[in-house]
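Structure first, then comments.
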Amino acid sequence: MQVAHTLLELRQLLQPGMRPAFVPTMGNLHAGHLALVRQARPLGDTTVVSIFVNRLQFLPHEDFDAYPRTWAADCAQLEAAGCDVLFAPNEAELYPEPQTYKVHPPAELADLLEGFFRPGFFIGVCTVVLKLLSCVFAGGPGVAVFGKKDYQQLMLIRGMVRQFALPVQVVAGDTCRASDGLALSSRNGFLSPTERIEAVQLSLALQALAQAVQNGADLGASAMAKLEAQAMQSLAARGWQPDYLAVRRQSDLQAPAPSGAQAMVVLGAARLGNTRLIDNLEVTSP
Ligand code: PAF
């Protein structure tokens, strides 16, 4: 594996015409990231991973400084997973001047769910992803793999890539789960041992919601609101602070239409102690 800390080094490693298969990350890699890397490998000529903790996507009170940085372990894991090029710029390299040009994703998709509770988050995500894609795919088209764990992020990036005609095929990677069902996340490392045992309850609450929808729950707005509120109350009763548990359409993350066939996804975000966890499940059609 070769490491590029600068854009110039990256360009030297990625020769024109090479088809990169790219996985952007913020480091502190776990089995979920490595699964994305393994998924990416056969999709290109050279597998590229970036590690960059992007200040632009953290709100002032969020955990930018505390975000785990585990460089040596990340490098060892990437090497073992078959990564060819690791792009690890520092802030001065990626943002040599204040990043005043930013991508403003459409409010109807970006200002709900995660974007509602973390205003500006998706501006930061889309801006850095556009920049990383323009660095990695400067020499020609290729593939980028994003995890479904960040469902709304994946949808916004798909839209951005399509509308800006970026020379990138976006591929989705399934969420990896621990044996109890907890979705793997870098933030799981913040959980105390008792919180770690409790943490699976978020995915269980989403499973219960998904099951209710699959069993033909009333999709009308007030029935849905009741179902979602009940799910949030059950988590709150266990000591969580839920931001949202929501049943939405896969196509646009809006509330379901009261009737008619539509693919659905249930999404949730909740704080357990000081750790905010997110998860989602696509509802399989009955
Ligand atoms: O999903 C992430 O880890 C980040 O949002 C990403 C896509 C690497 C952009 O910083």
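Ligands are counted one by one from 1 in listed order, and the atoms in each one are counted from 1 as well.
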Original post:
Transitively linked via ILVMFWY side-chain contacts under 4.5 Å: Val213 with Val265?
Top reply: no
Original post:
Should Val247 and Leu235 be regarded as members of a common hydrophobic cluster, given that ILVMFWY residues are connected when their side-chain heavy atoms come within less than 4.5 Å of each other, either directly or indirectly?
Top reply: yes
**OP:** Working to the nearest 0.5 Å, report the span between CZ of Phe116 and CG of Asp243.
**Re:** 9.5 Å
Among protein heavy atoms, which sits nearest to [atom], and what does the distance come to when rounded to 0.1 Å?
atom: atom 3 (O) of ligand 1; value: Met26 CG, 3.8 Å
atom: atom 1 (O) of ligand 1; value: Gln153 NE2, 2.9 Å
atom: atom 10 (O) of ligand 1; value: Gln57 OE1, 2.7 Å

**OP:** Walk me through it: do Glu93 and Asn90 pass the test side-chain hydrogen bond (donor to acceptor under 3.5 Å, both in side chains)?
**Re:** CA-CA 5 Å; Glu93 182 66 17; Asn90 63 19; over 6 Å; no
Original post:
For the residue pair Phe58 and Tyr67, does the interplanar ring angle fall in the parallel (under 30°), tilted (30 to 60°) or perpendicular (over 60°) class?
Top reply: perpendicular
Subject >> Atom indices of ligand 1 within 4.0 angstrom of Val128 heavy atoms, with elements >> reply: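 Those atoms are 9 (C), 10 (O).
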Original post:
Which of the numbered atoms in ligand 1 are below 4.0 angstrom from a heavy atom of Asp150?
Top reply: 1 (O)
Original post:
With a 4.0 Å heavy-atom cut-off (strictly under), which part of Thr25 contacts ligand 1: side chain, backbone, both or neither?
Top reply: backbone
